[in-house]
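Written out below as C-alpha cells is the structure these notes cover.
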Amino acid sequence: MKPVALSGINRRRLARFRANRKAVWSLWIFTFVFVMSLFAEFIANDRPLMVVYDQHHYFPILKDYPETTFGGEFATTADYQDPYVQELIQEKGWYLFPPVPYSYRTIISDLGQPAPSPPDGRNILGTDEQAHDLFARILYGFRISVLFGFSLTLISAVIGVAAGAVQGYYGGWLDLVFQRFIEVWSSMPQLYILIILASVIRPSFWILLGFMLLFSWMGFVGVVRAEFLRCRNFDYVKAARVMGMSDRRIMFKHILPNAMVATMTFMPLVLSGSVTTLVGLDFLGFGLPPGSASLGEILAQGKNNIQAPWLWLSAFFSIGIMTMLLVFIGEGVRDAFDPRAVKK
C-alpha cells in the first residue's frame, strides 16, 4: 500500500501541532497511559499470566481452569490467590503473575491492618475501604473513563454534524423548527432525569452512554450549522447545483470539510467534558454499578475517609492529570486548525 500523502494545508497543520511541544508531549503521555490501560489485565490481575504444570502450559489470564487441573479436589475455577492452589502448582511446576497481582475487584484478605491501608511494598498506592488495590482500581477506572469519553464524543460528533449540516444547508422552516427543538431539549434537567432513571433501572456503561448521548450531540450542532449557513451561498456551491450535483454530495463532499475544522477543534474539549461527567456521576452515586472500577467512586471514598489521604490524593491527581493532558491536546489541535495560523 502506498503511504497516504497529506495535502499542503494538512502538512502545515501537522507542523503547527508539532511546534506546540506541550501538546505533543501531552499526546505521547496520554497515548502511553491509555494503551497501558487497554492491557490492564496483563498488568494488574489476580490470575497468573502463565502456569507451567506437569510440563503443560496454561494461560489462566485467558481461560478458566478448574482446580482439579492442578491436582486439587474441586471442579470449580481455581483461586490462584489461595496458598493451597499455589502449593499444588509449585509441586510440579511454576507460575508467573503480572507486576500487580491484584485485579480491580480482588479483595485482599491478608492486609495486616484494617482497610483502607496506606501504601506499602505490596500495594504501591495503598488500598481502598473495601480492601481493593488502589493502583489496579485507578488503572481499570482510567480505561473505562476514557473509553466512555471516546464513545460519547465520536457518536455525538456523528449525530451533531449530520443534524447541523442538514439544518444549516436547507435553512428556512427546517432550521427554525430544529432550533426551537434544541432550545427546549437542552433546557431539560439532565441530573434530575438521571436520578429518576437510576431509581427505575440499574445504570450501566451502555445505559449511561445512551442517556448522555441524548443531550451531548447538541454541542456540535451550532458550529456545523454556522459553517453550512455561511458556505451554502458560495459560488462553488451554486455552481455545483447548476451542474446537477445532488444535495447530499454537495453537503458532505464540498461543505463538510470546511465545517470539520471547527468540529475537530471542539472534539478534545468534549472528550474532556465527557470523562469528567462520568467521574462526577460516579462521585454522586448515579454512575456505574457498585463494584465497577471508577475514579469517581475512589474520590467519594476519599471524601468519606479523611484519615486516608492516599485515597483522595490518588483520585485527584489521576483525574487532574488526565483532564490536563486532554486540555493541552485540545489547545494544540485548536492552534493547528486555526485558519489564520495555517495561512502563515
Side-chain angles (χ1 to χ4, degrees), residues 13 17 23 26-27 30 144-171 174-195 197 203 205-232 251-252 255-284 286-287 296 319 322-339:
R13 286 169 178 167
F17 181 82
S26 298
L27 179 61
F30 180 82
I144 292 178
S145 300
V146 175
L147 289 178
F148 181 88
F150 275 137
S151 303
L152 184 61
T153 302
L154 292 177
I155 301 175
S156 299
V158 172
I159 298 175
V161 167
V166 172
Q167 187 178 343
Y169 182 79
Y170 291 104
L174 179 63
D175 183 31
L176 182 63
V177 173
F178 218 130
Q179 281 297 101
R180 300 294 81 77
F181 169 77
I182 291 178
E183 290 174 1
V184 174
W185 191 247
S186 62
S187 65
M188 300 286 287
Q190 301 182 30
L191 182 58
Y192 293 153
I193 297 176
L194 183 60
I195 294 174
L197 179 67
F205 180 92
W206 297 109
I207 291 176
L208 286 175
L209 181 63
F211 175 82
M212 298 303 300
L213 187 60
L214 294 176
F215 301 94
S216 60
W217 61 270
M218 292 180 289
F220 291 92
V221 173
V223 293
V224 178
R225 170 180 172 268
E227 189 65 27
F228 271 76
L229 285 172
R230 185 178 70 89
C231 295
R232 66 175 183 169
M251 291 168 58
F252 293 100
I255 304 180
L256 184 59
N258 297 323
M260 288 305 295
V261 173
T263 304
M264 290 296 297
T265 59
F266 193 58
M267 287 182 68
L269 303 179
V270 175
L271 174 59
S272 177
S274 302
V275 171
T276 54
T277 297
L278 179 63
V279 171
L281 292 175
D282 290 333
F283 177 78
L284 296 174
F286 301 112
I319 299 169
M322 175 171 52
T323 54
M324 180 182 65
L325 293 176
L326 291 174
V327 169
F328 287 162
I329 295 171
E331 290 179 353
V333 174
R334 180 198 62 193
D335 295 340
F337 280 86
D338 187 353

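On a predicted model such as this, the values are computed, not experimentally measured, just so you know.
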Is there side-chain contact between [X] and [Y], with at least one heavy-atom pair below 4.5 Å?
X    : Y    : result
L214 : W185 : yes
F150 : L271 : yes
R232 : Y170 : no
L176 : R180 : yes
V224 : Q167 : no
V146 : M322 : yes

If I take atom [atom1] from residue [X] and atom [atom2] from residue [Y], how far apart are they, to the nearest 0.5 angstrom?
X    : Y    : atom1 : atom2 : value
L197 : I207 : CG    : CD1   : 6.5 Å
L208 : S151 : CG    : OG    : 12.0 Å
L256 : T263 : CG    : OG1   : 7.0 Å
L174 : Q179 : CG    : CD    : 10.5 Å
L269 : E331 : CG    : CD    : 8.5 Å

Closer than 3.5 angstrom, by distance alone: can the side chain of [X] be matched with the main-chain N or O of [Y] as a donor-acceptor pair?
X    : Y    : answer
T276 : G273 : yes
S186 : E183 : yes
S187 : V184 : yes

key: Mutual orientation of the aromatic rings belonging to F178 and W217 [parallel < 30°, tilted 30-60°, perpendicular > 60°]   = perpendicular
Worked check of side-chain contact (heavy atoms from CB on, under 4.5 Å) between M212 and L194 = CA-CA 9 Å; M212 298 303 300; L194 183 60; 5.5 Å; no
Kindly give the heavy-atom pair with the smallest separation between [X] and [Y], and that separation in Å.
X    : Y    : result
A23  : G332 : CB-CA, 3.7 Å
I329 : F30  : CD1-CB, 4.1 Å
G287 : D282 : CA-OD1, 3.1 Å
I193 : F211 : CG2-CE1, 3.3 Å
G330 : P268 : CA-CB, 3.4 Å
L213 : S156 : CD1-OG, 3.3 Å

query = Between V279 and T323, is a side-chain contact (heavy atoms from CB on, under 4.5 Å) present by the stated rule, with each step listed?
reply = CA-CA 11 Å; V279 171; T323 54; over 6 Å; no
key: Chi angles and distances behind the side-chain contact (heavy atoms from CB on, under 4.5 Å) call for T277, L281   = CA-CA 6 Å; T277 297; L281 292 175; 4.3 Å; yes
message = Could you go through E227 and R230, starting from their C-alpha distance and side-chain angles, then the distance that decides it, and tell me whether this counts as salt bridge (Lys or Arg N to Asp or Glu O under 4.0 Å)?
response = CA-CA 5 Å; E227 189 65 27; R230 185 178 70 89; 2.4 Å; yes
note = Exactly one of L326, L325, T153 clears side chain to side chain contact (heavy atoms under 4.5 Å, CB included) with S272, and that residue is L326
